[in-house]
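Working notes, beginning with the structure itself.
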Amino acid sequence: MKDIHNIVILTGAGISAESGIPVFRSETGLWEEHRVEDVATYEGFLRDRTLVHNFYNGMRRKLSGVKPNEAHKALTRLQNEWKNGKVSIITQNIDNLHEAAGSIDVIHMHGELMKVSCEKCHRVFDWDRDSSVDTVCPSCGRKAIRPHIVWFGETPYDMDMIYALLSEVDLFISIGTSGVVYPAAGFARLAKGRGAFNIEFNLEQSATAGYFDTGIYGKAGTTLPEFVDALIRHGDLSFLNESK
Ligand code: BJW
């Protein structure tokens with residue numbers, strides 16, 4: 001097994017499930033009362049801006065009582081204690097639980113619930129209250145505020161930075177994502193192409209399980225802290241062979 005320097009971590013809704021935030025693709029998922037087309041596309045926003053503002057207002061309010069879990073904390077520990085290279089966290093999640101756990105430089109490729117942006121001047125603002133069609137942009141003064149969320153058909157954020165990280169990754173770890181939404185679902189294949197060792201953490205095999213060298217299945221709040229502890233102690237993945 002090759003030496004590990006740079007670690008890239010991709011997280012999805014499953015890492016926040018044990019904090020009480022429902023995942024997307026389940027019977028009780030986040031879109032349960034709405035069609036995805038209505039609340040997760042720009043066309044849906046054009047059809048009914050009030051509905052979409054209120055949908056994300058509800059999510060933003062719920063987030064205020066939510067705390068990071070052991071999986072978020074384990075990633076912060078890895079960032080703090082890994083001395084052989086860089087640990088980069090890319091999240092598809094719009095919650096702020098990685099930051100609440102103390103992680104730094106988190107890339108939110110699908111946007112952030114605690115931010116809004118202006119459709120006219122394109123500035124982004126920290127936002128901890130409700131927004132509506134009448135909300136005035138703090139910068140240009142126009143009523144053109146939208147949730148700072150990447151909807152289907154829109155370009156995710158920081159893709160240049162993400163591709164640069166994936167071009168120098170030695171260990172790629174995917175946690176709690178179903179692997180059905182692109183471009184994130186393609187990162188494991190890119191990392192493999194670069195020669196990385198790929199590991200997925202999930203309750204079950206994801207749609208992209210074929211691109212992973214190994215999978216660790218169970219709740220991330222239990223499996224991830226154990227893995228991070230072993231990785232920091234060994235400095236490599238030799239413990240994976242020992243545990244077989
Ligand atoms: C646990 C656990 C525990 C549970 N422990 N695990 C046809 C083919 C290919 C692609 C396309 C296509 N047609 C259109 C596209 C593109 C489209 C796409 O991928 N569509 C697919 C549905 C087919 N993608 C886009 O439009 C994206 N943009 C784009 O591609 O632009 C072009 C471009 C590409 C590259 C460079 C430049 C330009 C934008 C995608 C935006 C996604 N936005 C959302 C948020 C919506 C708003 C909201 O309501 O919040 O992001 S959708 C939603 O899905 C959200 C998530 O981030 C994302 C991924 O979901 P995630 O995180 O995987 O959650 P789940 O619920 O699916 O899975 C949870 C997992 O956790 C499960 O596996 C569980 O088992 C596990 N789990 N508990 C460990 N305790």
Side-chain angles (χ1 to χ4, degrees), residues 9-45 51-60 62-63 68-72 74-75 89-98 106-116 146-164 166 173-190 199-209 212 215-227:
I9 292 155
L10 172 70
T11 66
I15 196 170
S16 297
E18 289 165 70
S19 293
I21 300 179
V23 297
F24 289 90
R25 291 163 188 86
S26 75
E27 282 173 17
T28 55
L30 272 179
W31 296 313
E32 55 185 328
E33 288 166 13
H34 298 281
R35 295 188 319 146
V36 175
E37 301 87 326
D38 289 338
V39 295
T41 65
Y42 187 64
E43 290 73 22
F45 186 54
L51 173 93
V52 177
H53 274 292
N54 286 341
F55 178 75
Y56 291 100
N57 287 340
M59 283 173 73
R60 197 179 296 116
K62 279 186 199 149
L63 194 56
N69 64 52
E70 295 307 313
H72 298 103
L75 294 186
I89 300 176
I90 304 165
T91 187
Q92 298 170 85
N93 298 343
I94 59 176
D95 66 50
N96 55 5
L97 297 182
H98 286 302
V106 179
I107 298 176
H108 282 270
M109 63 178 293
H110 290 166
E112 292 177 72
L113 197 50
M114 301 306 287
K115 291 184 177 171
V116 295
R146 60 164 280 176
H148 188 56
I149 307 292
V150 178
W151 291 315
F152 286 110
E154 297 187 316
T155 302
Y157 296 113
D158 300 320
M159 289 308 300
D160 288 348
M161 201 190 303
I162 290 172
Y163 291 138
L166 290 171
I173 302 175
S174 172
I175 305 159
T177 177
S178 53
V180 297
V181 176
Y182 285 82
F187 293 170
R189 189 175 66 85
L190 291 177
I199 307 180
E200 80 167 349
F201 287 79
N202 203 310
L203 297 180
E204 58 192 19
Q205 287 201 337
S206 73
T208 54
F212 289 87
I216 297 180
Y217 298 105
K219 289 187 172 183
T222 305
T223 56
L224 199 58
E226 286 171 8
F227 172 85

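Positions are given from 1 along the sequence. Counting starts at 1 for both ligands and their atoms, following the listed order. Note that this is a predicted model, so its numbers are computed, not measured.
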Notebook entry, point to check: Would you say Y163 touches ligand 1, if touching means a heavy atom closer than 4.0 Å?
Noted result: yes
Next item on the list: Could you tell me whether ligand 1 has any atom less than 4.0 Å away from a heavy atom of G153?
Entry: yes
Can you name the atoms of ligand 1, numbered from 1 with element, that are less than 4.0 Å from a heavy atom of [X]?
X	value
I94	50 (O)
T155	37 (C), 38 (C)
G12	62 (O)
I149	47 (C)
G176	6 (N), 69 (C), 70 (C), 71 (O)
V181	19 (O), 40 (C), 42 (C), 54 (O), 58 (C), 59 (C)

If we set the cut-off at 4.0 Å for heavy atoms, which region of [X] has an atom near ligand 1: side chain, backbone, both, or neither?
X	value
T177	both
A17	side chain
P156	side chain
Y157	neither
Q92	both

Has ligand 1 got any nitrogen or oxygen that is less than 3.5 angstrom from a nitrogen or oxygen of [X]?
X	value
V39	no
P183	no
R25	yes
N202	yes
F201	no
E18	yes
F24	yes

Notebook entry, point to check: For the side chain of N69 and the backbone of A71, is there at least one donor-acceptor N/O pair under 3.5 Å apart?
Noted result: yes
Notebook entry, point to check: For the side chain of N202 and the backbone of Y217, is there at least one donor-acceptor N/O pair under 3.5 Å apart?
Noted result: no
